[in-house]
Student: 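I'd like to ask you about the structure that follows.
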Amino acid sequence: DARVTQTPRDKVTEMGQEVTMRCQPILGHNTVFWYRQTMMQGLELLAYFRNRAPLDDSGMPKDRFSAEMPDATLATLKIQPSEPRDSAVYFCASGPEMGSYNSPLHFGNGTRLTVT
Amino acid sequence: AQSVTQLGSHVSVSEGALVLLRCNYSSSVPPYLFWYVQYPNQGLQLLLKYTSAATLVKGINGFEAEFKKSETSFHLTKPSAHMSDAAEYFCAVTYFYNQGGKLIFGQGTELSVKP
């Protein structure tokens, strides 16, 4: 059963440290999304890619966050430097086809980030 | 701006009782609507979706939702709750038709099922 894989599952780090979260989308999916989930804000879209090209990263704090897709099997989300307010669960999701409402997103199990 | 509002952050029902989770959307154009479920420590799974075909949509695990344009609603129902239905439920809308995956989520409703 194909699934989106995220690593690490949990990450605890100190303020100021760099954090890298990784996502392996489902093979053949050409869209990748990063969402952040917090109690206060709920689910927020940070960035999304189509065919490895960033389409929209307006939800991401540009000064400290960056998202890339080095290849079709890997998406990364980096925070440098991290701050306590970045503590959240970060979800990666992939979809098989852009432009089709019949193509639901498949979510990974998330990376729970705690910045102390 | 387009948005989704879920009424009630927490709903509690008894096992066997009707489940009703409310979702209203705000959109200036016809939306595509979704319900996702999130179990503890897991990602979101698609329950069902409305894509302008039938207004009554059936999903997995016995859930269904009805799109009512006049009420701008897409409430989720299940006739008889099961203990395994306890989870958080998210209503979502996409309004970029050529970017079908860009979902705007509601704040979520946590469903508790009492024995």
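Naming convention: chains lettered A, B, ... in sequence-line order (proteins, then strands); numbering from 1 in each chain.
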Student: Which bit of L46(B) is near chain A, if near means a heavy-atom gap under 4.5 Å: side chain, backbone, both or neither?
Tutor: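 Contact with chain A is through the side chain of L46(B) alone.
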
Student: Would you mind writing out the side-chain donor-acceptor pairs for residues 74-85 of chain A within the sub-3.5 Å range, not counting sequence neighbours?
Tutor:
{"residue": "Q80(A)", "atom": "OE1", "partner": "E18(A)", "partner atom": "N", "Å": "3.1"}
{"residue": "S82(A)", "atom": "OG", "partner": "E14(A)", "partner atom": "O", "Å": "3.4"}
{"residue": "S82(A)", "atom": "OG", "partner": "Q17(A)", "partner atom": "O", "Å": "2.7"}
{"residue": "E83(A)", "atom": "OE1", "partner": "R85(A)", "partner atom": "NE", "Å": "2.5"}
{"residue": "E83(A)", "atom": "OE1", "partner": "R85(A)", "partner atom": "NH2", "Å": "3.0"}

Student: Given heavy-atom pairs under 4.5 angstrom as the criterion, report whether the side chain, backbone, both or neither of Q42(B) touches chain A.
Tutor: both

Student: May I ask you to check whether S112(B) and H10(B) show a side-chain donor-acceptor distance below 3.5 Å?
Tutor: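 A donor-acceptor contact under 3.5 Å links the two side chains.
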
Student: Between F90(B) and Y36(B), does the ring centre distance come in under 6.0 Å?
Tutor: no

Student: What residues of residues 107-116 of chain A sit under 4.5 Å from chain B when you count only heavy atoms?
Tutor: F107(A), G108(A), N109(A), R112(A)

Student: Do the ring centers of F105(B) and Y35(A) come within less than 6.0 Å of each other?
Tutor: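 Here the rings of Y35(A) and F105(B) have centres that are less than 6.0 Å from each other.
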
Student: Could you list all the disulfide (SG to SG under 2.5 Å) pairs where at least one residue sits in residues 6-70 of chain A, not counting sequence neighbours?
Tutor: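 Sorted result for residues 6-70 of chain A: C23(A)-C92(A).
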
Student: Knowing that exactly one of F63(B), W35(B), Y39(B) qualifies, which makes a ring pair (Phe, Tyr, Trp, His ring centres under 6.0 Å) with Y89(B)?
Tutor: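 Option passing the ring pair (Phe, Tyr, Trp, His ring centres under 6.0 Å) with Y89(B): F63(B).
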
Student: Measure Q45(B) against the heavy atoms of chain A and call it side chain, backbone, both or neither at under 4.5 Å.
Tutor: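 It is neither, since no heavy atom gets under 4.5 Å.
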
Student: Identify which of Q37(A), M39(A), Q6(A) forms the greatest number of heavy-atom pairs closer than 4.5 Å to chain B.
Tutor: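 Among the listed options, the one with the most contacts to chain B is Q37(A).
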
Student: Once side chain to side chain donor-acceptor pair (under 3.5 Å) is applied, do any residues pair with S94(A), and if so which ones, sequence neighbours excluded?
Tutor: H29(A)

Student: Looking at R52(A) and D71(A), is any side-chain nitrogen of the basic one under 4.0 Å from a carboxylate oxygen of the acidic one?
Tutor: no

